[in-house]
Amino acid sequence: SLIHAAAVADKDGNVIVLPGPGGVGKTALLGELVGRQNFRVLGDDIVGLSRSGECLAFPRSFALKEYHQSVYPEVFRRLGIGKKSDKKKSLQRFGLRLLWLLRENAPLVGISRSLMRGMGVRARPMQAVPPSPAHLQELGYLAAVPVEDIFGADKILTKGPIAKIIFLERYAGKQFRSETISHTSLAQRMFAIIHHEWVADMRRFFSLGALEILDLNNYFKTVNQIIRDAVADKPCNLMKIPENTTPDDLVKFFLDNFT
C-alpha cells in the first residue's frame, strides 16, 4: 500500500518512516538527514508499505516549494529558482513537466487507465495545454527535481525493513514533544492522509465503483489491512512540532530523540 510519508534508512539499512500531512516538514527533515547525516532516501512524499513490514521506495522527483530553499539552497541556485525575479521563468520552465509528473504518479489515475484498458474502454487523452504560471503558483510548486540530482545515486535505497514509524504533526505549542501512539491510531491516520492527498482523483475512483469496475469495499479493506499489518509490531511515535520551528531545530530534536 502507498502512504503519504518520507522515509530514510540508517547506515545498516533500517528504515524510519515519517508520515504526516503536507507541509509538516517531511521534505525539510529528509534533506538534512540525507544531505548531512549520512542517511539514505526511499522517498520524500510517497512510499510503499508491505504486509511483512518492509518500506518500498516510490521513485518520483521531489516537488520543491519556496520554503524548501533553506534546505536545498544549492539546488535552487543551480536551477535558478527562488528569487521573485526568476519565478515566472522557472514556473514556465518546469510547469508542464511538473503537472505531467503529478498526473503520471497519481496511483488512482493509473488504476483507472489499467481497468479501462482491460475492459476495452479508451481513456480520453489529456489535452496538451501548458499550464499557466499563475496556476502553478496557486499549487505552490516551483520545480520537480529527480532525487539523484539532489543527493546522488548512492544515497537512494529501494527497500528496507521498517525500524520505527514517527508521525509528524504541527501544533500551536512552543516546545517539541514526543509521545507513543497506538498502532490502531497510527494506521488510521496514515490511511486517511493518503486518500486526502488523492482527493482530486477520488471522483474518478468512486465512478469506477459506481460502475462496478472496482470493488471499493475490497479496496479500502485491503489497503487498511496492509497498513495495519505493516505497523503492527513496530515502535510508533507521535512527534509534535511547534508551528514556527526551524529546520535546524527539527533535525536536532529528531537526532536527539530518535537515532
Side-chain angles (χ1 to χ4, degrees), residues 1-22 24-27 29-34 37-60 62 105-108 110-111 147 151 153-169 177-198 215-241 250-251 253-259:
S1 174
L2 296 177
I3 61 167
H4 185 52
V8 295
D10 64 19
K11 59 183 178 59
D12 298 317
N14 298 309
V15 179
I16 302 173
V17 181
L18 303 166
V24 74
K26 297 187 297 296
T27 300
L29 180 57
L30 181 144
E32 293 286 337
L33 294 174
V34 177
Q37 301 294 331
N38 206 32
F39 283 77
R40 286 181 287 171
V41 59
L42 290 90
D44 83 308
D45 194 55
I46 300 288
V47 294
L49 300 182
S50 72
R51 290 184 185 272
S52 61
E54 275 195 316
C55 181
L56 310 174
F58 186 74
R60 73 175 190 176
F62 274 36
N105 281 322
L108 300 184
I111 291 171
V147 179
F151 301 115
D154 61 322
K155 289 293 188 77
I156 301 172
L157 189 66
T158 57
K159 65 179 181 178
I162 299 171
K164 64 186 72 173
I165 304 130
I166 304 164
F167 190 92
L168 306 182
E169 178 179 86
R177 290 173 53 189
S178 173
E179 55 194 61
T180 58
I181 184 172
S182 72
H183 298 93
T184 300
S185 178
L186 177 65
Q188 182 171 318
R189 289 181 181 218
M190 293 163 70
F191 178 86
I193 286 175
I194 186 61
H195 291 93
H196 181 269
E197 286 297 305
W198 294 340
D215 185 340
L216 293 179
N217 181 61
N218 184 61
Y219 165 79
F220 285 115
K221 182 179 179 180
T222 300
V223 171
N224 183 54
Q225 192 59 55
I226 291 173
I227 294 175
R228 288 175 180 269
D229 290 346
V231 307
D233 60 347
K234 305 297 186 296
C236 299
N237 291 88
L238 174 64
M239 180 175 166
K240 305 195 78 169
I241 305 167
L250 178 62
V251 172
F253 183 84
F254 180 88
L255 294 176
D256 289 346
N257 289 272
F258 298 111
T259 60

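Just so you know, these numbers come straight off a predicted model, no measurement behind them.
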Using side-chain heavy atoms (C-beta onward) and a distance below 4.5 Å, is Ile165 in contact with Leu186? yes
Before giving the answer on side-chain contact (heavy atoms from CB on, under 4.5 Å), spell out for Val34 and Val8 the whole-Å C-alpha distance, their side-chain angles and the decisive distance to 0.1 Å. CA-CA 7 Å; Val34 177; Val8 295; 3.9 Å; yes
Can you pull the salt bridge (charged side-chain N to carboxylate O under 4.0 Å, His left out) pairs that have at least one residue in residues 221-232, sequence neighbours excluded? Arg51-Asp229
Any donor-acceptor pair under 3.5 Å from Lys159 side chain to Ala57 backbone: no
Heavy-atom side-chain contact between Pro21 and Phe167 under 4.5 Å: yes
Can you list the residues that meet the side chain to side chain contact (heavy atoms under 4.5 Å, CB included) rule with Ile241, with sequence neighbours excluded? Val24, Leu168, Arg170, Phe176, Met239, Thr245, Leu250
Do the side chains of Phe151 and Leu30 get nearer than 4.5 Å, heavy atoms only? yes
Counting heavy atoms not belonging to Lys234, are there more than 12 under 6.0 Å from its NZ? yes
Determine whether Phe58 and Asp45 make a side-chain contact, defined as any pair of heavy atoms from C-beta on separated by less than 4.5 Å. no
Rounded to the nearest 0.5 Å, what separates atom CZ in Arg177 from atom CZ in Phe253? 10.0 Å
Could you check whether any side-chain heavy atom of Phe191 comes within less than 4.5 Å of a side-chain heavy atom of Ser1, counting everything from C-beta outward? no
At their closest point, which heavy atom of Pro19 faces which heavy atom of Ala5, and how far apart are they? CA-CB, 3.4 Å
Of the non-hydrogen atoms in Ala163 and Pro235, which two are nearest, and what is the gap between them? O-CD, 3.2 Å
Does His4 use its side chain to pair, donor to acceptor, with the backbone of Ile193 at less than 3.5 Å? no
Which atom names give the shortest non-hydrogen contact between Gly160 and Leu42, and what distance separates them? N-CD2, 4.2 Å
What's the verdict on side-chain contact (heavy atoms from CB on, under 4.5 Å) for Asp10 and Asn38, showing C-alpha distance, side-chain angles and the deciding distance? CA-CA 7 Å; Asp10 64 19; Asn38 206 32; over 6 Å; no
Verify, without hydrogens or angle tests, whether Thr222 (side chain) and Asn218 (backbone) share a donor-acceptor contact under 3.5 angstrom. yes
Between Phe39 and Leu255, which heavy-atom pair has the shortest distance, and what is it? CE1-CD2, 4.4 Å
If we ignore hydrogens and angles and just use 3.5 Å, is the side chain of Lys26 paired with the main-chain N or O of Gly20 as donor and acceptor? yes
Nearest heavy-atom neighbours spanning Gly43 and Val41: N-CG2, 3.4 Å
Heavy atoms, side chains only, cut-off 4.5 Å: are Ile16 and Ile166 in contact? yes
For the residue pair Thr27 / Asp44, report whether a side-chain donor-acceptor contact shorter than 3.5 Å exists. yes
Could Glu169 and Arg189 be called an ion pair, given the rule that one side-chain N must be under 4.0 Å from one carboxylate O? yes
Separation of Leu18 CG from Asn237 CG (nearest 0.5 Å): 11.0 Å
Using the rule given for side-chain contact (heavy atoms from CB on, under 4.5 Å), can you reason through Leu49 versus Ile162, listing the C-alpha separation, both sets of side-chain angles and the distance that settles it, and then say yes or no? CA-CA 9 Å; Leu49 300 182; Ile162 299 171; 3.6 Å; yes
Count the heavy atoms of every other residue, nucleotide or ligand shown that sit under 6.0 Å from CD of Gln188, and state whether that count exceeds 12. no
In terms of ring plane angle, is the pair His195 and Trp198 parallel, tilted or perpendicular, where the classes change at 30° and 60°? perpendicular
Could you give the distance from CG (Asp233) to NE2 (His183), rounded to the nearest 0.5 Å? 7.0 Å
Starting at CE of Met190, measure out to CD1 of Ile227 and round the result to the nearest 0.5 Å. 5.5 Å
Donor-acceptor pair, distance only, cut-off 3.5 Å: does the side chain of Asp215 make one with the backbone of Asn217? yes
Test item: side-chain donor near acceptor, Ser50 and Ser52, under 3.5 Å: yes
For side-chain contact (heavy atoms from CB on, under 4.5 Å), just list the numbers for Thr158 and Leu56, CA-CA rounded to whole Å, side-chain angles, deciding distance to a tenth of an Å, and then say yes or no. CA-CA 6 Å; Thr158 57; Leu56 310 174; over 6 Å; no
Shortest non-hydrogen contact from Val231 to Ala187? CG2-CB, 4.4 Å
